Colleague: 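Mind having a look at this structure? Questions to follow.
Hydrogens, waters and symmetry mates play no part in the numbers below; they use all other heavy atoms, side chains included. It should be emphasised that the depicted structure is a prediction, and the values quoted were computed from it without experimental measurement. Order of the sequence lines fixes the chain letters, A, B, ..., with proteins taken first and strands second; residue numbering starts at 1 for each chain.
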Number of protein chains: 2
Amino acid sequence: MASEDGRRAIPDAAVARLPVYHRCLLDLETEGRVTVSSEQLAEMAGVNAAKVRKDLSHFGSYGTRGVGYDVTQLIIDLRRELGLTHNWRCVIVGAGNLGSALASFAGFRERGFEVVGVVDVDPQRIGRQIGGLVVGHEDELASIVAERDVAIGVIAVPPAAAQEATDRLVECGVRSILNFAPTVLDASDEVQIRNVDLAIELQILAFHEGRRSDDRPADAPSPA
Amino acid sequence: MASEDGRRAIPDAAVARLPVYHRCLLDLETEGRVTVSSEQLAEMAGVNAAKVRKDLSHFGSYGTRGVGYDVTQLIIDLRRELGLTHNWRCVIVGAGNLGSALASFAGFRERGFEVVGVVDVDPQRIGRQIGGLVVGHEDELASIVAERDVAIGVIAVPPAAAQEATDRLVECGVRSILNFAPTVLDASDEVQIRNVDLAIELQILAFHEGRRSDDRPADAPSPA
DNA sequence: AGCTGTGAATGACTTCACAGCA
DNA sequence: TGCTGTGAAGTCATTCACAGCT
């Protein structure tokens, strides 16, 4: 996108892969591996070797020719590049099934993201304890964001409430939002929004699944 | 050039957007709208108008020049194209926080995906009721897939168990898998796998967030 | 006039292929 | 020798711009 000048620009497609490499490298480190070639890393990450090398070259990684990359050093570089040198604090808006699952999801904390607040509007949910946190009222959002230094907001409310949740987060100064509501959100260009629509992922699978059985007989599941 | 095989080929990038259009059209239909222009639909979907037109043209949609697309007809075409003319049955492997949330996630059923089974290996979880289903033992997978005509498997187990879960699903004949475990899965090319790594989504946000403050105070060390 | 459908132009990303270093 | 780093070539996707229908 319109990355301002200043630092080298890394293509979006490459950025999306860096976390995968990071994850693979952590596994390698656990196994005690000291170096890794682009080919080995590619195999683990499910991409090809040239892509790995180019992706890493975007931020001036230095492998050793004839040997490969130093696992520990590459982890350090990736951590710095991905901004994982400190924990990022997140707040979750919406304490339904999904919000609750996200709040207690161990995978976040392990990878440097700490959920420091969960809010909802439903009195039934406010006060309940989820993943070590007490669900707060949505009106507390501003104070939670300010006091706990929140950088990322996660939207896990029904679609009809998602835009309002976004507006509130933005008002509170949050500029990075992960949206799980199946709706397109409006916000200033300053605000980064990533959408994860779980049903869309299934629809994409269904699309391909449906295509391969053009020739298949009466095998398709019958209507519910 | 387009591969001149049996059916029309739709670019992957376009396929990923069709469900978004579908979702927007459902909203339009609810509002009682009869027609929609590519520009209006683009605005709702958060893309540009030329893209909408090209995407729809891939499967021979027919809008009316001077007027736009017939909302109801376009929904029908998209449903057919996306294979949403019947419900898809899904089984979830892993009944932890995430698996449980997915099993009771209303958004799936609304969009044509029915969760017909949830299994786990943990005796503590087996027998529990989640979203109207009783959690089964993982050994029941084969019978659930066969008897309930499951087409899609959802993996919501810890990374260390994900490959085994995949192998089991594939053995049972499942050829479309949605993987929430943060690990790259191995399977034959026949099997389609889509990965959703929630922590990666946050990492991508963090990357951009970290970039916009080059002049960050105490956090970013400046390496040579 | 208004808006779609689409070739052609542009841009982004991927892969190739090889020079050059350890 | 083995493997990285990278220009150049190739592939895929997006956007432009306009002919052509209603």
Side-chain angles (χ1 to χ4, degrees), chain A residues 1-3 8-21 24-25 28 33-75 77-78 81 204 207-208, chain B residues 1-5 8-21 24-25 28 33-75 77-78 81 204 207-208:
Chain A
M1 290 288 170
S3 267
R8 56 253 146 170
I10 304 183
D12 285 353
V15 170
R17 285 185 296 265
L18 297 184
V20 181
Y21 303 147
C24 295
L25 287 161
L28 286 168
R33 287 285 298 274
V34 176
T35 62
V36 64
S37 71
S38 61
E39 191 134 8
Q40 293 163 333
L41 186 52
E43 154 95 38
M44 291 182 75
V47 300
N48 74 24
K51 203 181 276 182
V52 169
R53 293 201 298 278
K54 182 138 300 195
D55 287 348
L56 297 182
S57 77
H58 284 305
F59 61 95
S61 78
Y62 291 109
T64 308
R65 288 161 200 238
V67 178
Y69 300 87
D70 182 292
V71 171
T72 306
Q73 186 57 47
L74 193 45
I75 289 173
D77 292 346
L78 276 170
E81 204 59 35
I204 295 171
F207 171 86
H208 293 290
Chain B
M1 241 340 152
S3 40
E4 192 64 39
D5 57 16
R8 55 256 145 163
I10 303 183
D12 284 355
V15 170
R17 284 185 296 265
L18 297 184
V20 180
Y21 302 147
C24 295
L25 287 161
L28 285 169
R33 286 286 298 275
V34 176
T35 62
V36 64
S37 71
S38 60
E39 191 133 8
Q40 293 162 332
L41 187 51
E43 154 95 37
M44 292 181 75
V47 301
N48 75 24
K51 203 181 275 181
V52 168
R53 293 201 298 277
K54 181 139 299 197
D55 286 349
L56 297 181
S57 78
H58 285 304
F59 61 96
S61 77
Y62 290 109
T64 309
R65 290 162 197 236
V67 178
Y69 300 87
D70 182 292
V71 171
T72 306
Q73 186 57 48
L74 193 45
I75 288 172
D77 292 346
L78 276 170
E81 203 60 34
I204 295 171
F207 171 85
H208 292 290

Colleague: Within the pair A/Thr64 and D/dT4, is there a side-chain N or O less than 4.0 Å away from OP1 or OP2?
Modeller: no
Colleague: Taking atom P of D/dG5 as reference, at what distance in whole Å does atom CG of A/Asn48 sit?
Modeller: 15 Å
Colleague: Let me know the distance between NE2 of B/His58 and C1' of D/dT14, rounded to the nearest Å.
Modeller: 10 Å
Colleague: Measure the distance from CG on A/Leu56 to P on C/dT15 and round it to the nearest whole Å.
Modeller: 15 Å
Colleague: Report yes if a side-chain nitrogen or oxygen of B/Arg17 is closer than 4.0 Å to either non-bridging phosphate oxygen (OP1 or OP2) of D/dT14; otherwise report no.
Modeller: yes
Colleague: Would you mind reading off the distance between B/Asp77 atom CG and C/dG5 atom C1', rounded to a whole angstrom?
Modeller: 15 Å
Colleague: Are the side chains of A/Val52 and A/Glu43 in touch, meaning some heavy atoms are under 4.5 Å apart?
Modeller: no
Colleague: Under the criterion side chain to side chain contact (heavy atoms under 4.5 Å, CB included), which of A/Thr72, A/Asp77, A/Val20, A/Leu74 is the partner of A/Leu25?
Modeller: A/Leu74
Colleague: Taking atom P of D/dT1 as reference, at what distance in whole Å does atom CD of A/Glu39 sit?
Modeller: 17 Å
Colleague: For D/dG2 and A/Tyr69 - does any side-chain N or O of the residue sit under 4.0 Å from the phosphate oxygens OP1/OP2?
Modeller: no
Colleague: In terms of the nearest nucleotide of DNA chain D, which residue is placed more toward the 5' end: A/Gly66 or A/Ser57?
Modeller: A/Gly66
Colleague: Any heavy-atom pair between the side chains of B/Asp70 and B/Tyr62 that's under 4.5 Å?
Modeller: no
Colleague: In whole angstroms, how far is the P atom of D/dT14 from the CG atom of B/Asp55?
Modeller: 7 Å
Colleague: Taking C-beta and beyond as the side chain, do B/Tyr69 and B/Arg53 meet within less than 4.5 Å on heavy atoms?
Modeller: yes
Colleague: Given that B/Lys54 and A/Arg53 both sit by DNA chain C, which one's nearest nucleotide is further toward the 5' end?
Modeller: B/Lys54
Colleague: Between B/Ser38 and C/dT4, does any side-chain N or O lie under 4.0 Å from OP1 or OP2?
Modeller: yes
Colleague: Under 4.0 Å: is that the gap between some side-chain N or O of B/Lys51 and OP1 or OP2 of D/dA13?
Modeller: no
Colleague: In whole angstrom, give the distance that lies between atom CG of A/Leu41 and atom P of D/dG5.
Modeller: 12 Å
Colleague: Please evaluate the base of D/dG2 for a donor-acceptor partner in the side chain of A/Arg65 within a cut-off of under 3.5 Å?
Modeller: no
Colleague: Got a sec: does the CD of A/Gln40 have more than 12 other heavy atoms crowding it under 6.0 Å?
Modeller: yes
Colleague: Rounded to the nearest angstrom, tell me the gap between atom CG in A/Asp12 and atom C1' in C/dT14.
Modeller: 15 Å
